[in-house]
There are 2 protein chains.
Amino acid sequence: MAATIRDVARQAGVGLGTVSRVLNNSPLVSPITRNRVLTAITELRYSPSQIARSFASGKTFTVSAIAPFFTRPSVVERLRGIESQLTISGYSLVVFNVETVARRDACIRNISCHDRSDGVLIMSLTPREDEVLALQEAGTPVVLIDTVAEGISGVRIDDVYGGELAVRHLIDLGHQRIGFAGDSIDEARAFNFTSSRDRHIGYMRALDAAGVVRRPEYQCYGVHGRFEARILTRNLLQLPEPPTAIFAASDTQAMGVLEAARDLGLRVPADLSIIGFDDIDVAEYLGLTTVRQPLFMSGQRGVDLLLRIIGDENLGPQSEVLPIELVMRGTTGSIG
Amino acid sequence: MAATIRDVARQAGVGLGTVSRVLNNSPLVSPITRNRVLTAITELRYSPSQIARSFASGKTFTVSAIAPFFTRPSVVERLRGIESQLTISGYSLVVFNVETVARRDACIRNISCHDRSDGVLIMSLTPREDEVLALQEAGTPVVLIDTVAEGISGVRIDDVYGGELAVRHLIDLGHQRIGFAGDSIDEARAFNFTSSRDRHIGYMRALDAAGVVRRPEYQCYGVHGRFEARILTRNLLQLPEPPTAIFAASDTQAMGVLEAARDLGLRVPADLSIIGFDDIDVAEYLGLTTVRQPLFMSGQRGVDLLLRIIGDENLGPQSEVLPIELVMRGTTGSIG
DNA sequence: GTGGGCAGTGGAACTAGTTCCATAGTAGCA
DNA sequence: TGCTACTATGGAACTAGTTCCACTGCCCAC
């Protein structure tokens with residue numbers, strides 16, 4: 001049986017409260033007493049029970065993160081930022097991976113029961129109005145990463161602007177026939193993803209601003225993934241008058257577009273320019289032109305914000321927008 | 001203030017124990033009483049405190065996973081398997097990302113204080129003898145994934161055999177000048193990684209078995225990563241008599257070898273055959289020949305084993321070896 | 001001298017569950 | 001008509017910390 005705080009108190013010949021004060025670095029302990037307690041702790045090889053501590057103090061020093069599709073490189077990079085920042089503050093990270101709509105709903109519902117963790121980070125999944133209400137009523141500190149919802153704090157980028165940035169770059173290179181490959185609208189609605197949708201809005205805005213006609217047949221949507229993007233854009237590239245450039249809503253999808261081009265024997269960028277979004281790790285390897293967003297930093301900032309909210313319950317909803325930038329590499333070029 | 005079990009008992013006009021029995025689905029409650037309790041629970045919108053539950057029962061329904069270099073695709077895939085299997089059993093996953101030796105040591109030391117979680121999964125990091133002792137003394141249920149240690153349960157593959165498999169494939173294709181690119185020996189020793197080392201042993205065995213002379217200058221070691229592998233193998237390929245094939249200890253490193261070949265204008269596989277290890281997601285995309293190991297499954301099996309150990313403290317150390325297989329794709333070919 | 005204030009300390013009460021023992025009620029059976 | 005056995009139930013004790021109030025000295029100011 002492990003030693004308890006009472007064993008330590010007895011061994012050191014002091015009261016319960018005194019041991020607790022030593023453990024919590026209270027200044028209200030004389031150096032002599034503190035030493036007696038520390039000696040007893042060593043002798044008994046005492047280590048305080050975190051569970052009992054959480055129970056008594058009501059603080060768990062744990063943060064939950066809900067993330068969709070764990071395997072996506074962008075998600076991993078954000079999680080890495082989260083973990084690193086939490087570790088610095090002495091918090092633990094509990095991870096929930098969401099790959100189905102049912103699990104999305106279950107996760108968001110469960111964490112409303114503000115219990116096992118002091119706060120929650122929700123990544124890419126936008127809570128619906130009723131879910132926001134439940135979270136607020138439960139008083140759970142929440143920070144969204146990569147999305148926004150009325151009345152909840154969040155860290156994000158301007159996806160619409162990012163889409164504009166990408167497409168303006170293609171237009172600047174002389175392209176007029178510009179395609180778009182993004183997330184399936186059904187899937188996005190089911191999970192309540194917004195980034196592909198917003199990047200698509202940016203795509204349309206950039207075309208409109210340049211006076212380029214939007215062609216519905218140039219826009220395709222599929223379940224997020226390399227393979228789906230490959231199939232869809234292959235169709236698109238076999239149109240009688242195919243696009244000369246494609247903006248993919250993510251680097252993963254851009255990889256599918258690259259494959260489609262390879263399938264059809266198109267040279268990149270001579271025959272087809274391709275631009276992605278996120279600047280994940282392999283983008284550099286592939287020489288992919290893309291819009292970079294600070295993924296690691298989004299996790300760090302999300303944690304900073306969450307800990308601030310945990311520390312001050314009265315803090316109203318905060319919102320932070322991170323910078324993005326165009327990264328020009330080898331997959332985009334001026335029109336042949 | 002949230003309702004407690006006592007409020008529910010009062011509201012339902014029953015005793016404490018009865019409410020607890022209802023919560024834990026004990027059959028020793030009459031249907032009428034059970035209904036009264038359930039009604040009270042609904043009326044008071046009661047939800048039991050997980051912390052209090054953990055505290056009283058001594059079970060946290062949480063498992064910790066210590067993983068080095070979170071961002072490595074193989075690690076992510078294993079974690080995904082872990083998370084998925086834990087979720088099925090109603091457990092939560094706390095993740096610790098290890099990127100420095102100091103943190104490695106700290107993580108392993110801390111989890112010996114068997115408290116916040118019911119068990120621990122340690123990935124790729126081999127505990128040293130003193131650490132094994134500390135873990136055993138603390139009685140913490142532990143399962144290793146992707147490594148072995150005397151007296152601790154584990155799920156792994158036969159890395160030596162994997163290395164043999166890879167190199168025998170190259171030899172079968174007619175190669176005699178076969179290089180090896182693996183992890184830095186210093187780094188591996190510091191973290192206590194073993195997979196690159198074992199795969200290297202397999203490399204040597206396969207060469208010996210075929211009567212091929214081992215050349216020290218064909219073997220290079222660098223900090224795990226694409227970039228380092230690229231630089232190192234570029235040197236190797238500029239030898240007066242360069243290798244015609246290279247076995248990289250991981251797919252990530254194989255990607256670096258591919259880059260090096262590209263840097264020097266070598267055609268793959270006509271001028272240089274390349275084989276990796278792991279079969280991570282991008283391997284298929286790149287058409288990389290590799291040795292596949294069941295990453296997702298290793299996480300699942302690790303959890304199965306851990307939960308079995310948690311359920312039966314007397315269970316001795318168990319060891320499971322998962323199957324591996326050669327996946328032939330486009331980066332290996334017979335000698336030009 | 002004496003009252004106020006404060007550093008230092010002890011310990012009861014509290015957190016919200018589980019566990020287990022005692023006991024009431026009741027059905028089955030000789 | 002008891003005796004046994006078993007179901008159903010109540011509640012005290014327990015888990016291991018924190019929190020906070022009460023109390024003792026001691027110093028200093030009036």
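Chain A is the first sequence line, chain B the second, and so forth, proteins listed ahead of strands; every chain is numbered from 1. Computation of the quantities below employed the complete heavy-atom set of this structure, encompassing side-chain atoms and omitting hydrogens, waters and symmetry-equivalent molecules.
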Is there a stack between B:F55 and C:dT15, judged by ring centres under 5.5 Å and planes under 30°?
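B:F55 ring does not meet the centre or angle cut-off for C:dT15; no stack.
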Interatomic distance where [atom1] belongs to [X] and [atom2] belongs to [N] [whole Å]:
X: A:D7; N: D:dA16; atom1: CG; atom2: P; result: 9 Å
X: B:I51; N: D:dT18; atom1: CD1; atom2: P; result: 14 Å
X: A:Q50; N: D:dG17; atom1: CD; atom2: C1'; result: 10 Å
X: A:L16; N: D:dA16; atom1: CG; atom2: C1'; result: 10 Å
X: A:R6; N: C:dG11; atom1: CZ; atom2: C1'; result: 9 Å

Looking at the side chain of [X], which of [options] is the nearest nucleotide?
X: A:V29; options: C:dT9, C:dA16, D:dA8; value: C:dT9
X: B:T33; options: C:dG17, D:dG17, D:dT9; value: D:dT9
X: A:N24; options: D:dT18, D:dT15, D:dT9; value: D:dT18

Short question: side chain of A:T126, backbone of A:N192 - any donor-acceptor pair under 3.5 Å?
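Here the side-chain-to-backbone pair exists.
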Base of C:dG10, side chain of A:R21 - is there a donor-acceptor contact under 3.5 Å?
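Yes.
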So A:P31, base contact, sugar-phosphate only, or nothing? Heavy-atom distance under 4.0 Å.
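Counting heavy atoms under 4.0 Å across all strands, no contact is made by A:P31.
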With a non-hydrogen cut-off below 4.0 angstrom, is A:S20 in contact with a base, only sugar-phosphate, or nothing?
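If one applies the 4.0 Å heavy-atom cut-off, A:S20 turns out to touch a base.
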Check whether more than 12 heavy atoms from other residues, nucleotides or ligands sit under 6.0 Å from atom CZ of B:R189, and answer yes or no.
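Atom CZ in B:R189 is not crowded, with 12 or fewer foreign heavy atoms closer than 6.0 Å.
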